[in-house]
Amino acid sequence: MSERTFLTVPEHVAIIMDGNGRWAKQRGLPRTMGHRKGVDAVRETVRAAGDVGIKYLTLFAFSSENWRRPETEVSDLLGLLKAFIRRDLAELHRQNVRVKVIGDRYSLKSDILNLLVDAEETTKSNTALTLVIAFNYGSRDEIARAMVSLAHDVEAGRLRAQDISPALINARLDTAGIPDPDLIIRTSGEERLSNFLLWQAAYSEFIFVPEYWPDFSRDIFYSALETFASRDRRFGGLVAQTAAAVGT
């Protein structure tokens with residue numbers, strides 16, 4: 001295990017876990033093997049984040065657009081998520097990790113929804129790392145649902161349209177109560193957000209790494225954190241602001 005000390009550690013890191021299929025293709029393996037190997041990278045990344053004092057780790061596990069993939073691949077992805085929760089929930093709980101799920105829950109089948117809710121309920125009082133799982137998540141859908149919620153309040157007379165503010169919108173998003181990500185990492189060399197945390201990423205730092213997600217290691221993660229620590233974050237102002245100083 002790598003031991004490193006960072007001048008600053010981001011409070012919230014979000015990761016777009018990309019490249020499972022291409023990882024498998026390079027090796028002449030079925031895409032499902034890439035997804036299975038990616039689960040190992042998830043476990044290592046969660047441990048690494050907790051070890052350096054990151055408070056929130058958001059992982060883009062399954063997008064609302066992923067339903068368009070072949071049925072067999074979707075079924076395998078859902079199976080992997082179920083297996084991860086069933087196998088790893090007890091260990092996450094022992095590590096004082098809180099699980100939070102974001103995304104549209106209303107169209108999910110009861111078996112997967114019940115597992116997600118159980119993971120949240122089991123770990124809701126934990127106080128170390130918060131693991132945010134973005135499942136059936138799309139940022140435009142999230143923002144639209146927030147707007148509908150506000151519109152209902154306006155129609156009912158509970159809210160005036162002119163009083164709608166960024167803070168009110170933020171409070172209706174799936175991420176309400178979670179700080180915006182300081183750092184967003186995307187693997188596989190692609191450089192786009194892919195409908196992920198569009199509202200929350202307003203002042204995030206971005207780091208794109210060439211490795212596919214199954215090859216994402218503690219060392220790659222820590223190198224990204226070192227790069228983040230060197231960034232000059234001004235949030236539109238002239239004076240640099242940084243995350244809280246944390247040592248390992």
Side-chain angles (χ1 to χ4, degrees), residues 12 14-21 30-32 34-43 45-46 56-93 97-126 129-153 169-178 181 184 186 193-201 213:
H12 183 180
I15 305 180
I16 302 172
M17 306 179 294
D18 195 21
N20 290 343
R31 289 175 59 87
T32 54
H35 296 312
R36 293 176 188 277
K37 182 66 174 176
V39 173
D40 293 335
V42 168
R43 294 189 180 103
T45 301
V46 172
Y56 297 86
L57 176 68
T58 297
L59 301 178
F60 202 3
F62 191 89
S63 80
S64 52
E65 288 80 25
N66 285 157
W67 298 106
R68 303 172 189 167
R69 294 188 177 187
E71 185 176 349
T72 54
E73 183 172 349
V74 170
S75 178
D76 190 69
L77 285 168
L78 296 180
L80 285 172
L81 178 65
K82 293 176 185 177
F84 174 77
I85 292 175
R86 288 168 177 152
R87 174 179 171 180
D88 291 66
L89 182 59
E91 179 61 24
L92 292 171
H93 193 32
V97 173
R98 179 170 71 107
V99 176
K100 168 71 176 174
V101 180
I102 61 173
D104 182 9
R105 304 184 182 206
Y106 299 103
S107 60
L108 295 178
K109 292 183 178 179
S110 59
D111 59 340
I112 188 69
L113 179 59
N114 289 341
L115 273 176
L116 297 175
V117 171
D118 181 59
E120 288 185 319
E121 286 297 311
T122 299
T123 63
K124 65 182 180 181
S125 298
N126 292 343
L129 172 73
T130 294
L131 174 61
V132 184
I133 300 174
F135 182 81
N136 195 27
Y137 176 85
S139 189
R140 288 182 173 179
D141 171 71
E142 175 193 30
I143 294 169
R145 286 187 281 110
M147 296 303 100
V148 169
S149 174
L150 290 168
H152 284 325
D153 281 355
I169 295 171
N170 202 51
R172 302 297 175 99
L173 297 175
D174 296 347
T175 53
I178 298 172
I184 296 177
R186 181 169 184 151
L193 274 175
S194 296
N195 200 20
F196 181 56
L197 300 179
L198 300 179
W199 175 276
Q200 299 87 340
W213 175 248

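Remember, predicted model here, so these are calculated numbers, not experimental data.
- Residues Ser194 and Phe60 come closest through the heavy atom pair O-CE2, 3.7 Å.
- Minimum interatomic distance between Trp199 and Ser139 (heavy atoms only, all atoms of both residues): N-OG, 4.0 Å.
- Rounding to the nearest 0.5 Å gives a distance of 11.0 Å between CG of Leu115 and CG of Leu78.
- By the side chain to side chain donor-acceptor pair (under 3.5 Å) test, Thr175 is found to be paired with Gln200, residues two or more places apart in sequence or in another chain being considered.
- For residues 133-152, the set of pairs meeting the salt bridge (charged side-chain N to carboxylate O under 4.0 Å, His left out) definition, not counting sequence neighbours, comprises Asp141-Arg145, Arg145-Asp174.
- Lys37 pairs by the side-chain contact (heavy atoms from CB on, under 4.5 Å) definition with Trp23, Asp40, Pro214, not counting sequence neighbours.
- Every residue was checked against the side chain to side chain donor-acceptor pair (under 3.5 Å) condition with Glu71, not counting sequence neighbours, and none meets it.
- Take Leu80 and apply the side-chain contact (heavy atoms from CB on, under 4.5 Å) test, not counting sequence neighbours, and it matches His35, Arg36, Val39, Asp76.
- Not a single side chain to side chain donor-acceptor pair (under 3.5 Å) links Asp104 to another residue, sequence neighbours left out.
- Under the side-chain contact (heavy atoms from CB on, under 4.5 Å) criterion, Val117 pairs with Arg105, Leu113, Glu121, sequence neighbours left out.
- Between the side chain of Asn66 and the backbone N or O of Ser63, at least one donor-acceptor pair lies under 3.5 Å.
- Under the side-chain contact (heavy atoms from CB on, under 4.5 Å) criterion, Leu129 pairs with Val46, Ala49, Ile54, Leu57, Val97, sequence neighbours left out.
- Closest heavy-atom contact between Ala171 and Ala176: O-CB, 3.3 Å.
- Residues satisfying the salt bridge (charged side-chain N to carboxylate O under 4.0 Å, His left out) test with Arg69, not counting sequence neighbours, are Glu73.
- Listed by first and then second residue, the salt bridge (charged side-chain N to carboxylate O under 4.0 Å, His left out) pairs that reach into residues 78-87 are Lys82-Asp111, sequence neighbours excluded.
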Give the C-alpha distance, both sets of side-chain angles, the deciding distance and a yes or no for side-chain contact (heavy atoms from CB on, under 4.5 Å) between Leu116 and Leu108.
CA-CA 10 Å; Leu116 297 175; Leu108 295 178; 4.0 Å; yes

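- The shortest heavy-atom contact between Ala61 and Ile133 is CB-CG2, 3.8 Å.
- Distance alone, capped at 3.5 Å, places no donor-acceptor pair between the Glu65 side chain and the Gly138 backbone.
- Judged as a side chain to side chain donor-acceptor pair (under 3.5 Å), and not counting sequence neighbours, Ser75 has no contacts.
- Atoms CZ and CG, on Arg43 and Asp88 in that order, are 4.0 Å from each other to the nearest 0.5 Å.
- With sequence neighbours excluded, the residues that form a ring-ring contact (aromatic ring centres under 6.0 Å, His included) with Phe62 are Trp67, Phe135.
- Taking both residues in full, the closest heavy atoms of Thr58 and Phe196 are given as CG2-CZ, 3.9 Å, listed atom of the first, atom of the second, then distance.
- Atom CG of Asn136 is separated from atom CD1 of Ile112 by 10.0 Å, given to the nearest 0.5 angstrom.
- Of the options Asn126, Thr123, Thr130, a side-chain hydrogen bond (donor to acceptor under 3.5 Å, both in side chains) to Arg98 is made by Thr130 and by none of the others.
- Minimum heavy-atom separation, Glu120 to Val101: OE2-N, 2.8 Å.
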